[in-house]
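In what follows, every heavy atom counts, from backbone to side chain, and hydrogens, waters and symmetry copies are set aside.
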Amino acid sequence: MLNRTAFLGTLILALALGTASFFIHQSNYPLTYDEGDYYVAVQQGLWTNWTDNDDISIITFAQMGIDAISDPGARARLSDYIRSSGSTMFHRHYHPPLAFYPAIALQPMLDALPLHEQLRYANLFWLFLWIAVLAVLGWLYEDVRSPVFLILPASAAWGMAVVGFNMHLPFGMLASLFLLCWYLYDRLGHRALRHAAQFFFAASCATVEYGMFLLFFIVLWGVIAWWRSDEKRAFLRSALAAAGWTLLFLALLWPAGVINANLAKSWTFVMYISLFRLGSEPVAFAGWGTLLLEKWNSNPVELLIMLGLLVSVLVRWRRMLKYGSLFTTAGFMLALLYLQTNPTLVYRWYLFPAAAVAFVLPAFVLSWRMHSAAGRIDLTDRRPSRRGWMLAAWPVLAIALFISSVLLVPEPDYTDLKAMNSYVRAAQPTHITLPRSLYSSLRPYLPATTIVSYHDVAYPDMAIDDSVAVWRAQGMTILPASTGIAGDTLIGEYVVIARNGKME
């Protein structure tokens, strides 16, 4: 593998490619629906997000959730109730809070920037953290010093994930570090690596609900390993100790997740969305080709590399059963690839964790196998060698992927969102009535405006028609264009009615 100097140089190149990709792929569109709520959560500060002290009780959450399963009207009431309670966890969409901590910390320094940039700059923190952890690992352990880590920051998957503030980007980085540290612990046996793996697994669970998949495959591998073990009691003691350490780390990162069972809330909420809400969402992609290119990956070669790395793990199934990290990686990737065939899951960063895991652990194992027999590379030796060419291939591949991501990753199309945001902000209404689907994206830009939102499910067309006269007398009104009600301006799927037919 590389020596320390060469490895640090590799990480600097990785940092440069990832940072350049971040700025190249940034789009100047305003806060989206999700980001509008996330912005409100960030404004609540570290203490509130860390403790979730303004959230509803788990008993109330469970009771209202059970009602919402069978009654669409109850879903609207649940949403209205939690919004009116001011729950910060609700504004995080019941995601765990770890992804919000950097945005909170950076807020004072970025206050002069547009609101969307204040959020999205936090994405860079996770790249810097990921590089820093790899630098420490590489400094301490010679076996870690591989040039393969160039691939992820250079990838189209990274370029597609950084365009919006999301939890999936930090989850992917943290999960890749968890699996890498677990693999290294199994190979090297150093206790510090074991605790590092436990910490990064806890951090993954404190970031987004994909931690459920990791936990499932960890437990599944644990059952298989326990069955094959000759020391079953010792194995169980070790597993219980690992679980205890993980819970301790999770409690430090998110005490409410453990003490108030908010991790269970988070997982329950996402299962409720998946089982009872996704079926009513519109299909976002016109066929498999569009889904593959627009959401999965804009670089077909990169997608093939990811699938090839998955196959390289699966075909060596005996090694996969020996190493829980490889077993968990394969299972997690398969689960995520299957999940993302759902055409209602629109955001392009949903698949990033699969790419992050693939481009770190399986790629690292493959590169280690390719170079381990040769020992350390002498960078002063200018004689060509097969090993040297193999090492040089990684930065060449990374730069090729980076260039292709610049050329192939499309800019997100938020034309209608931009138009609506510009129109309403220019009008600066004192009162506005609008659908819930627009409330979150506009609320942060109108702090002095009284905003009344109606839930799309709770108001059939006739009720909207009866209410328009009252809403119009109060101020600006925005309606779905599907109602057929005439307005002053048509913007995308909505019609805007200015008060008394005039702008305020």
Side-chain angles (χ1 to χ4, degrees), residues 31 33-101 103-104 119 165-167 171 202 205-212 247 250-278 280-281 434-444 447 450-459:
L31 296 171
Y33 176 89
D34 288 348
E35 289 178 318
D37 279 340
Y38 298 159
Y39 181 85
V40 173
V42 167
Q43 303 310 304
Q44 303 309 307
L46 179 61
W47 178 258
T48 300
N49 281 274
W50 192 60
T51 61
D52 287 331
N53 57 11
D54 60 354
D55 193 41
I56 63 175
S57 71
I58 192 168
I59 296 175
T60 302
F61 175 84
Q63 289 174 338
M64 300 192 75
I66 291 171
D67 292 339
I69 290 174
S70 57
D71 179 9
R75 297 176 195 173
R77 290 193 296 274
L78 174 62
S79 176
D80 290 336
Y81 173 77
I82 302 179
R83 276 195 184 274
S84 64
S85 73
S87 167
T88 300
M89 192 173 183
F90 177 79
H91 284 108
R92 296 198 313 258
H93 295 183
Y94 276 90
H95 296 309
L98 185 60
F100 293 79
Y101 297 164
I104 294 169
L119 274 184
F165 179 83
N166 63 90
M167 292 87 245
F171 175 86
C205 290
T207 306
V208 82
E209 294 76 19
Y210 283 166
M212 284 189 293
L247 279 175
L250 180 61
L252 292 173
L253 293 169
W254 182 28
V258 177
I259 299 170
N260 298 340
N262 280 10
L263 181 62
K265 275 189 192 176
S266 180
W267 289 2
T268 302
F269 188 78
V270 77
M271 285 190 285
Y272 158 69
I273 294 292
S274 301
L275 295 174
F276 301 101
R277 294 277 294 275
L278 280 185
S280 62
E281 293 293 322
L434 43 67
R436 183 65 50 79
S437 50
L438 291 176
Y439 176 81
S440 299
S441 60
L442 289 174
R443 176 190 176 189
T450 300
I451 304 178
V452 177
S453 65
Y454 54 89
H455 202 290
D456 308 66
V457 176
Y459 285 84

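Side chain of T88 to main chain of A41: no donor-acceptor pair is present (N/O by atom type, distance under 3.5 Å, no hydrogens or angles). A donor-acceptor distance shorter than 3.5 angstrom exists from the side chain of W50 to the backbone of L252, with no hydrogens or angles considered. No donor-acceptor distance shorter than 3.5 angstrom exists from the side chain of Y439 to the backbone of I451, with no hydrogens or angles considered.
At least one side-chain heavy atom of W254 sits less than 4.5 Å from a side-chain heavy atom of D52. Using a 4.5 Å heavy-atom threshold, the side chains of Y94 and Y272 count as separate. Looking only at side-chain heavy atoms (C-beta outward), E209 and P96 come within less than 4.5 Å of each other.
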| request: Under the side chain to side chain contact (heavy atoms under 4.5 Å, CB included) rule, what do L263 and V258 come out as? Steps first, then yes or no, please. | output: CA-CA 7 Å; L263 181 62; V258 177; over 6 Å; no

query: Going through the checks in order, is the ring-ring contact (aromatic ring centres under 6.0 Å, His included) test met by H93 and Y38?
result: CA-CA 8 Å; H93 295 183; Y38 298 159; 5.2 Å; yes

Q.
Apply side chain to side chain contact (heavy atoms under 4.5 Å, CB included) to residues W47 and N53 and explain how you reach the verdict.
A. CA-CA 9 Å; W47 178 258; N53 57 11; 3.3 Å; yes

Query raised in the report: Where do Y39 and H91 land on the side chain to side chain contact (heavy atoms under 4.5 Å, CB included) test, with the steps shown first?
Result: CA-CA 8 Å; Y39 181 85; H91 284 108; over 6 Å; no

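Nearest heavy atom pair, residue G211 against residue F171, reads N-CE1, 3.6 Å.
Salt bridge status for K265 with D55: present, with a side-chain N to carboxylate O gap under 4.0 Å.
Between F61 and F269, the ring-plane angle classifies as tilted under the 30° and 60° cut-offs.
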